[in-house]
Structure formats: C-alpha cells, structure tokens
Amino acid sequence: MSAAGTSSTLPAPTGLLIGGQWQQTDSRLPVMDPATFTVLAEIGDASVSDGLDAVAAASEAFTTWSVTPARQRAEILRRAFEIMTAELETCARIIALENGKAWRDAVGEATYAAEFFRWFSEEASRIEGDFRYAPNRDKTIITDHRPMGVAYMITPWNFPAAMATRKLAPALDAGCTAVLKPDSETPLTALWIGDVLQRAGVPAGVVNIITTSRTGEVSSAILADPRVATLSFTGSTFVGKMLLKQTAERVLPSSMELGGNAPFVVFEGADVDAAISGAMVAKMRNGGAACTAANRFYVHASLAEEFTTKLEAAFAGLKVGPGIDQGNDLGAMVSVKERDKIVELLQEAVGEGVVATPSTSVPDLGAFIAPYVVRDVQHGSALTRNEIFGPVAPIVTFETEDEGVRMANDTEYGLISYVYAKDPGTGVRLARRMESGMVAVNRGLASDPAAPFGGMKESGLGREGGFAGIHEFLETQYFAVDL
Ligand code: NAP
C-alpha cells in the first residue's frame, strides 16, 4: 500500500528561509528519490552572500528573541510539537521519499523528532541559576546562564528530521537564533520543519535555513563571521575534525555529534532470543544507517552458533523495497554512493576469506542492498574497523568476558555499546566497562529526547537532548556581588 500521495505532491518549501521569507535562487539543486532515481524537487543553492544574509537575519532577531520570556518561547515550541504530531504522515512521507528509509522508520523518526520540541518546551522555563556565599564571606557568587547568540547548525542525511529538531529545539529554547544547513541529499524535511516553525509562530529571522552545493565555502564564511557564537554539527568524524580546525581560529564553542562503531556484545548466559530482538532493532533501524547502529557483533562462543543461525533467519524474513510502501522492512540507501561504500566493504571482507551471502533479493532499480550476516569475521578486519552504515552484521566470537570487553573497546569511536548479559545487574557492571557515552543494557535502542545523547573518544564533544542539551546553547556567567 502506498503511504499517501506521490512525490509530485510533496508539501515542503524549496527556497532558502532567510529573515522569515522564502527566497528563490537562480541556480537550483535536484533532490532525488533513491528508490526510483526520480527528481522529487529542485531547491535553492545558497551563495556565500546568502549564507551571510542568513547570519545577519539571525543576529538581528537575537536582540528580541533572547529576551522573549521563556514561557513564550516554550509555547511556540509546544505548538511546533502539536503541528508536527498532527502532520506526522506528511513528515514521514518526505523522509521516506528523500532518504529512502522504510515507512516504519520514517514514522518512528518523525515521532522522535517532534518529541524534541515537546521535551524542550518543558525545559525552557527551568533554566537554572545559582546563588551562594563565597567560603570566606567576602562576596556572593551568583551564577547565571545566558543564550550564546547565533548558532550555526549542520545536519546529516540519515535522520533529516530528528537531527534538525534535536538542535533547533534546545537552541530556540535557550534564546538563541539559528542558521541551519541540512544535508544536500535530504534537505526537504528540514525545509518542511522550517515551515512548521513559522506556522507555530517563530518570529522572522529566528530560524533561517540554507541549502547549498558550495557547503565548504559557505560554511567557512559563516564560521568566520563574528556574529556567529556557536557551531552544532552532526555528521562524520572526518568532517567534524575539519570543522574543529576552523572553529579553533575563533575559539568558537562547538558541539560535535560524530561517527560511531558500536559493538553489540552478547555475554555468556544472555537470553539469545532477547538478543536477536535487540539486534534487529540495533542493526536494522534505518537500514543500518544510524550512528548508533550495531556495527560489530561479539558473541560468546557458547552462544555463537545459535545467535548466528537465528539472526540469519531473521534477516531472511526481511522484505526490501521502496520505503514509501508500508509492506517493506528495509528501504533504499540514501544514494548509490552510500550503497557502493557498503558493497566495497563486503568485497574486502570476501577478499579476506569470509563468506557473505545476501539474505534476500532486492529490486533491480534503486539504491538497494540486501541484508547480510557475515560469519567467522576476525576482530580487526575492515568490517569491524569501519562504520558500515548499512544492513550488514559481522559476527566475531570470543571466549572470556575480558576478551569481549577488550574487543568492544578496541576502536577510536565511543558513541554507544550494546550489552546483553544474563541479568540487569551483570549488564550494568559490564556497561561500566564500556568506553562509550551511551550503553544499552539488554535492549536494542537507547535514544530518547529526555536522555543525554553523545559520545566519548572520536565520537564527539558535548551532549544533545536531556537536561544537558540546552547547555550547549547557554553561556555561564558569574557575578561577584557585595550584598
Ligand atoms: P558528512 O559527510 O560528515 O556530512 C554531514 C554534514 O556535513 C552534511 O550537511 C554535509 O553537507 C556537511 N559537510 C560536508 N563537508 C563539509 C564542510 N567542508 N564544511 C561544512 N559542512 C560540511 O556525514 P554524512 O555522511 O552525511 O552522515 C553520516 C555520518 O554522520 C556518520 O558518520 C554518522 O555516524 C554520523 N552521525 C552521527 C550522529 C550522532 O549523533 N553522533 C547522528 C547521525 C549521524 P553536504 O551534504 O552539503 O555535503
């Protein structure tokens, strides 16, 4: 069954949102449906000067927005949550068409994305301060938090709605204004969210959205502009490091949500059926194209055969096809380029001697790839070192708890780990040994707007969501006062 309408009826704006106006540009960029290779829309292509106009608009709007009562800001965000929730299917349709993901994942993402508006609407009026006496009583120490200013935000293609709202909601809540640059593969969802925010009553200039083919040039100019107060980036570690070098020039605060290489460790005594259910979520949510996706499976030798056989059976039951059709479990990869990166990794693994057989067939047209369980993989091989970002599950066997923990932590990344253990107490003990910002214990999903999302090591700096998320957009200021 098709999920409501066709690609020609997409309701997303296609211009640049600058100072509350949708502006068209002379040159246009096509946005493709990766399941059919048809053009969904043509969007604006911002120049450096458009990018700086967006900064100017955000800077001007900051004067008023930063002193707008928190309650008023919260009510606007709450309205954005209500509009998104009422129009969830529209949001899911845009996501499924431009990103390719399965309908169930698109609805899941739209719901998750809307929740950031709700969570942060509830946080706006609770930004805390602090008052205390200095230990020698020579003064009082008053600690305040103030909005940083204009926030530049860059988001990836894999969660085009949630990565935008996870930044916009806390920034607006804190009193910051925003210039958002979504990924060029999936810009329509962010443009639609811009329209939702306008309908919710966000004043002109508070949220600006630019799309561009000159990402590096436009971003460098924006980051060099003294009116920009902070950068919030989600994407690859490679690009994150490049941006950190640029922000260092201005000592610009930077929040970095970067790549992952999540281990999924099944320890001795774990419930294999529960681990399979968790693995299907941790690996297959978003077709494996998630920074939190289980990338490497380490299974205790006593459970390895049962786990592998059951995972192969579960993969074989998956139906691959256009995400917009509700009957499919796995949609298309976002592009042929992303699909081919996964194929290359598989070819390298086969070259190293493992057997990789597709679990099911895929449509001829479109950027599809079948799911693979890859047996007898060596720890340290390409499949365990690289972020696969697709429906491929390499399985490595281990003998002792220490060996499982060592292999899980043997990576420069540290976003999330999955731990399956015989009971929650053992699970939490093992979770404490994991070098990652998040650990899912006996479950396949950890993300929640109310939880601090973020990584250790090269997976990032800072946290988004939870109570911590708003502090990425607040500056701490201390007043020494003689009272
Ligand atoms: P990417 O190549 O780093 O691109 C992400 C964003 O960076 C896009 O908007 C891209 O714009 C922009 N970009 C690229 N080059 C840039 C430059 N020189 N200056 C400024 N911006 C630049 O990553 P991706 O392939 O889209 O996303 C997948 C990666 O994101 C994975 O590594 C995944 O783990 C990570 N991710 C992390 C999280 C998290 O929360 N930790 C969440 C989701 C994804 P263009 O599209 O215009 O090139």
Side-chain angles (χ1 to χ4, degrees), residues 29 31-32 43-46 48 51 98-99 101 109 112-113 116 152-167 179-190 209-224 228 231-247 254-262 285-295 333-335 337-339 341-342 386-390 411-416 436-438 446-447 449 451-465 469 472:
L29 301 172
V31 181
M32 305 291 290
I43 57 160
D45 186 4
V48 167
E98 69 174 353
N99 169 280
K101 70 176 72 174
E109 182 187 347
Y112 176 53
F116 284 104
Y152 183 40
M153 305 168 173
I154 304 177
T155 51
W157 50 262
N158 63 338
F159 286 99
M163 297 304 96
T165 60
R166 200 168 75 179
K167 296 185 188 308
V179 176
L180 168 67
K181 194 217 75 65
D183 196 281
S184 312
E185 307 270 16
T186 56
L188 297 171
T189 310
I209 306 180
I210 52 163
T211 51
T212 181
S213 61
R214 288 158 277 197
T215 300
E217 195 190 342
V218 172
S219 290
S220 297
I222 290 176
L223 291 172
V228 172
L231 167 68
S232 178
F233 173 74
T234 299
S236 61
T237 297
F238 177 78
V239 173
K241 285 180 181 177
M242 248 166 46
L243 291 170
L244 280 171
K245 285 182 191 148
Q246 292 181 39
T247 57
S254 307
S255 153
M256 292 275 148
E257 295 291 346
L258 307 178
N261 181 0
R285 178 162 161 261
N286 238 23
C291 52
T292 51
N295 202 54
M333 296 290 104
V334 73
S335 63
K337 186 172 133 226
E338 289 299 322
R339 192 264 318 270
K341 279 193 207 165
I342 305 166
N386 293 283
E387 191 176 21
I388 301 171
F389 239 55
T411 168
E412 67 273 30
Y413 295 103
L415 188 59
I416 186 168
S436 56
M438 302 176 282
S447 305
F453 187 107
M456 294 179 182
K457 301 198 263 186
E458 293 193 12
S459 283
L461 299 169
R463 294 293 181 270
E464 290 191 330
E472 300 292 334

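One-based numbering, in listed order, for ligands and for the atoms of each.
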*Asks:* Between Phe389 and ligand 1, which residue portion shows a heavy-atom distance shorter than 4.0 Å: side chain, backbone, both, or neither?
*Replies:* side chain

*Asks:* Check this for me - ligand 1, Ser184, N or O atoms closer than 3.5 angstrom, yes or no?
*Replies:* yes

*Asks:* Check whether any heavy atom of Gly260 sits under 4.0 Å from an atom of ligand 1.
*Replies:* yes

*Asks:* Taking distance alone, with N or O pairs closer than 3.5 Å, would you say Ser236 contacts ligand 1?
*Replies:* yes

*Asks:* Write out the residue and atom name of the closest protein heavy atom to atom 7 (O) of ligand 1, then the distance separating them to 0.1 Å.
*Replies:* Phe233 CE1, 3.3 Å

*Asks:* Taking atom 5 (C) of ligand 1 as the point of reference, which of Thr234, Leu258, Leu231, Thr211 owns the nearest heavy atom?
*Replies:* Thr234

*Asks:* Nearest heavy atom to atom 25 (O) of ligand 1 wins, so pick from Phe238, Tyr413, Trp157.
*Replies:* Trp157

*Asks:* Could you list the atoms of ligand 1 found under 4.0 angstrom from a heavy atom of Thr155?
*Replies:* 6 (C), 8 (C), 9 (O)

*Asks:* For Pro187 and Ile43, which heavy atoms make the closest approach, and how far apart are they?
*Replies:* CG-CD1, 3.4 Å

*Asks:* If you measure every N/O of Thr215 against every N/O of ligand 1, is any gap under 3.5 Å?
*Replies:* yes

*Asks:* Looking only at non-hydrogen atoms, which of Ala289, Cys291, Ser219 approaches atom 38 (C) of ligand 1 most closely?
*Replies:* Cys291

*Asks:* Could you name the option among Glu185, Met153, Arg166, Met163 that has the heavy atom nearest to atom 40 (O) of ligand 1?
*Replies:* Arg166

